[in-house]
Colleague: 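Structure in structure tokens, see below.
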Amino acid sequence: MEKRQKTTVIIPKQHILPLLFAFAFNMAVYAGARMIAGEWKHYNIESRLDRMIPLWTPSAAVYIGCYLFWALNYVLIARQEKQDVCRFFAADFLSRVVCLIVYLVFPTTNTRPLIEPDGLWNKALLAVYEVDAADNLFPSIHCLVSWFCYIGLRGREEVPRWYRGASCVMAILVCISTLTTKQHVLIDVFGGVLLAEACYWIAKRPLVWESYEKVLDFINRKIFTKGTGDAG
């Protein structure tokens with residue numbers, strides 16, 4: 001009797017859309033807010049304590065490298081049960097809506113240090129400064145997404161305990177890196193973490209995640225049943 005080969009599905013096809021939309025909406029919020037409010041007055045909310053935090057250019061490695069961390073954890077989260085996926089990505093969506101509103105209502109900026117273009121990490125951080133203007137700071141999306149990466153796996157028994165712990169450590173390191181690269185200030189960090197926790201708590205309400213689920217089901221039906229209707 002011929003044995004059937006097992007196929008490993010990285011992400012269930014019905015969960016691909018939330019993942020892609022989360023990426024697209026994040027980019028739209030970040031770029032859109034900059035396009036709209038780029039020339040508006042920006043407020044510097046840097047504190048005396050922020051000015052005491054030293055610049056450490058090697059932390060640019062964490063600041064840049066966290067994109068791999070985000071991609072891996074969001075894929076792992078998209079592999080979860082449908083209810084958990086809807087709850088998480090509903091929270092993710094809500095957080096970006098809040099970010100967009102805050103970026104437009106209260107645009108913030110900070111003071112970046114002068115860095116000599118000497119050495120690998122100095123050049124790496126200068127490249128970050130070049131492509132990422134000092135705006136859209138509060139709340140920090142770097143901290144927001146990194147904390148979501150931890151929240152989405154927190155308490156998940158199917159994920160090894162060491163990786164859940166590593167995700168928490170990595171999220172904290174990213175938050176620190178936003179300060180030591182002088183990309184953000186303390187209130188940006190706390191704002192990002194608290195916003196992630198608040199939106200995840202809100203998304204646990206059935207009214208919220210079930211509404212997200214209904215929209216997702218509607219779109220998935222349109223996508224995956226297209227061309228499979230009446231054929232005769």
Side-chain angles (χ1 to χ4, degrees), residues 7-33 66-67 69-105 136 138-161 163-165 167-168 170-171 174 190-230:
T7 57
T8 302
V9 178
I10 297 177
I11 304 174
K13 64 181 182 180
Q14 293 83 2
H15 298 174
I16 293 174
L17 181 63
L19 188 61
L20 294 178
F21 179 77
F23 171 76
F25 190 56
N26 180 78
M27 297 300 293
V29 166
Y30 203 77
C66 70
Y67 290 97
F69 168 58
W70 296 353
L72 177 57
N73 279 38
Y74 268 57
V75 167
L76 289 174
I77 293 164
R79 289 167 55 88
Q80 295 174 5
E81 296 297 321
K82 185 179 179 182
Q83 177 177 330
D84 298 316
V85 168
C86 290
R87 184 167 55 200
F88 177 85
F89 284 101
D92 189 82
F93 172 74
L94 286 174
S95 71
R96 299 314 191 280
V97 172
V98 173
C99 284
L100 179 59
I101 293 171
V102 175
Y103 292 159
L104 296 180
V105 173
N136 292 345
F138 175 77
S140 165
I141 285 185
H142 251 70
C143 298
L144 172 73
V145 178
S146 296
W147 201 250
F148 264 136
C149 284
Y150 167 58
I151 289 176
L153 300 184
R154 187 170 59 193
R156 305 291 305 191
E157 295 299 329
E158 71 273 18
V159 178
R161 179 176 294 181
Y163 189 79
R164 284 180 275 151
S167 293
C168 181
M170 183 61 183
V174 172
F190 289 114
V193 172
L194 291 175
L195 179 59
E197 290 285 357
C199 289
Y200 193 69
W201 180 81
I202 293 171
K204 286 182 178 180
R205 310 280 81 78
L207 177 64
V208 178
W209 73 261
E210 287 177 358
S211 298
Y212 185 94
E213 182 183 38
K214 289 177 181 177
V215 175
L216 177 62
D217 286 344
F218 174 79
I219 298 175
N220 275 330
R221 282 196 301 270
K222 293 294 184 180
I223 294 174
F224 294 115
T225 61
K226 187 177 181 180
T228 62
D230 294 335

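All figures in this text were calculated on a predicted structure; none of them were measured in a lab.
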Colleague: Assess whether atom CZ of F23 is packed by more than 12 heavy atoms of other residues, nucleotides or ligands within 6.0 Å.
Modeller: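 No, the 6.0 Å shell around CZ holds no more than 12 heavy atoms from other groups.
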Colleague: Could you work out, with side-chain contact (heavy atoms from CB on, under 4.5 Å) as the rule, every residue matching I101, not counting sequence neighbours?
Modeller: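 Here the qualifying residues are V97, V105.
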Colleague: Checking D84 now: which residues fulfil side chain to side chain donor-acceptor pair (under 3.5 Å) with it, not counting sequence neighbours?
Modeller: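 R87, R156.
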Colleague: Under the side-chain hydrogen bond (donor to acceptor under 3.5 Å, both in side chains) definition, can you give me all pairs with a residue in residues 13-27, not counting sequence neighbours?
Modeller: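 Only N26-R96 qualify under side-chain hydrogen bond (donor to acceptor under 3.5 Å, both in side chains).
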Colleague: Looking at E158, I want to see if its CD is surrounded by more than 12 non-hydrogen atoms of other residues, nucleotides or ligands under 6.0 Å.
Modeller: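 Enclosed.
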Colleague: Where is the tightest heavy-atom contact between G191 and P139, given as atom of each residue plus distance?
Modeller: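 For G191 versus P139, the nearest heavy atoms are C-CB, 3.6 Å.
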Colleague: Going through the distances and angles, do V85 and K82 end up as a side chain to side chain contact (heavy atoms under 4.5 Å, CB included)?
Modeller: CA-CA 5 Å; V85 168; K82 185 179 179 182; 5.6 Å; no
Colleague: Report the relative orientation of the aromatic rings in F93 and F21; use parallel for angles under 30°, tilted for 30 to 60°, perpendicular for over 60°.
Modeller: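 It falls in the tilted class, 30° to 60°.
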Colleague: If the condition is side chain to side chain donor-acceptor pair (under 3.5 Å), which residues does Y163 pass it with, not counting sequence neighbours?
Modeller: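 Checked Y163 against side chain to side chain donor-acceptor pair (under 3.5 Å); matches are N73.
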Colleague: Who passes side-chain contact (heavy atoms from CB on, under 4.5 Å) against F190, sequence neighbours left out?
Modeller: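 F190: side-chain contact (heavy atoms from CB on, under 4.5 Å) contacts with L186.
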Colleague: Can you tell me how far CD1 of I16 sits from CG of L19, rounded to the nearest 0.5 angstrom?
Modeller: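 Between atom CG of L19 and atom CD1 of I16 there are 8.5 Å.
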Colleague: So how far is it from F89 CZ to L216 CG, rounded to the nearest 0.5 Å?
Modeller: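 Rounded to the nearest 0.5 Å, the CZ-CG separation comes out at 10.0 Å.
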Colleague: Please tabulate, for side-chain N and O atoms in residues 141-154, each donor-acceptor pair with protein atoms closer than 3.5 Å (sequence neighbours left out).
Modeller:
from, atom 1, to, atom 2, distance (Å)
H142, NE2, Y63, O, 3.0
S146, OG, W70, NE1, 2.9
S146, OG, H142, O, 2.8
W147, NE1, E197, OE2, 2.8
R154, NH1, E197, OE2, 2.9
R154, NH2, E197, OE1, 3.3

Colleague: In a table with atom names and distances, give each donor-acceptor pair under 3.5 Å that connects a side chain of residues 202-215 to protein atoms at least two apart or in another chain.
Modeller:
from, atom 1, to, atom 2, distance (Å)
R205, NH1, W201, O, 2.9
S211, OG, L207, O, 2.5

